[in-house]
Colleague: 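I have a structure here, written as structure tokens, and I will follow up with some questions on it.
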Amino acid sequence: MSTFGQDLIASMEEAAAHARGEPTEARTHTVEVPDVRALREQLGLSQHAFASAYRIPLATLKGWEQGRRQPDATASAYLSVIAHLPDAARSALQAA
């Protein structure tokens, strides 16, 4: 069997063990997804105003709020910046 085939089988066995909760060398990455609706409401903005202020497509924002989509890691990081520094985020976008 080729090295690739052996590596593939070993990877799948490790993935299965990880899924069963067994200790493995596998690393996991967890993306913290903020509550977009709560953030927007905390800032007192409508969907349209929030999307416009932070240059997020309105359809994307609605998808996040309705649970049809989840922000990816980059969008989650951006939303965290908005949550902690809403005015600075707006200012940075206005200056750009």
Side-chain angles (χ1 to χ4, degrees):
M1 181 179 290
S2 70
T3 301
F4 173 76
Q6 292 168 335
D7 289 346
L8 185 58
I9 290 169
S11 295
M12 292 305 296
E13 287 172 349
E14 183 176 14
H18 179 74
R20 290 188 299 268
E22 298 171 8
T24 67
E25 296 289 322
R27 292 180 285 165
T28 59
H29 300 278
T30 304
V31 175
E32 296 295 324
V33 179
D35 183 340
V36 182
R37 177 177 284 135
L39 170 59
R40 178 182 58 75
E41 290 174 349
Q42 180 182 355
L43 295 174
L45 298 173
S46 67
Q47 286 182 329
H48 187 285
F50 185 88
S52 178
Y54 297 108
R55 298 185 187 176
I56 297 169
L58 184 58
T60 299
L61 177 65
K62 287 180 178 184
W64 291 342
E65 288 193 7
Q66 294 170 2
R68 289 183 285 118
R69 299 179 64 198
Q70 290 290 317
D72 63 14
T74 303
S76 291
Y78 179 46
L79 291 165
S80 293
V81 170
I82 294 170
H84 291 89
L85 303 166
D87 296 332
R90 271 195 209 179
S91 293
L93 291 170
Q94 289 171 354

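Quantities reported herein were computed from a predicted structural model and do not represent experimental measurements.
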Colleague: In Å and rounded to the nearest 0.5 Å, what is the OG1 to CG distance from Thr74 to Leu79?
Modeller: 11.0 Å
Colleague: First locate atom CG of Leu61, then atom OG of Ser52, and finally report the distance between them rounded to the nearest 0.5 Å.
Modeller: 11.5 Å
Colleague: Just how far is it from atom CD1 of Ile56 to atom CG of Leu93, taken to the nearest 0.5 Å?
Modeller: 9.0 Å
Colleague: Would you say the side-chain atoms of Glu14 pair up with the backbone N or O of Glu25, donor to acceptor, closer than 3.5 Å?
Modeller: yes
Colleague: Can you tell me how far the CZ atom of Arg55 sits from the CD atom of Gln94, to the nearest 0.5 Å?
Modeller: 8.5 Å
Colleague: So among Leu45, Leu39, Val81, Leu43, which one has a side chain to side chain contact (heavy atoms under 4.5 Å, CB included) with Pro86?
Modeller: Leu43
Colleague: What's the spacing between Phe50 CZ and Arg37 CZ if we round to 0.5 Å?
Modeller: 12.0 Å
Colleague: Distance from Glu22 atom CD to Glu13 atom CD, nearest 0.5 Å?
Modeller: 11.0 Å
Colleague: Counting N and O atoms only, with roles assigned by atom type, does the side chain of Tyr54 sit under 3.5 Å from a partner on the main chain of Tyr78, one being a donor and the other an acceptor?
Modeller: no
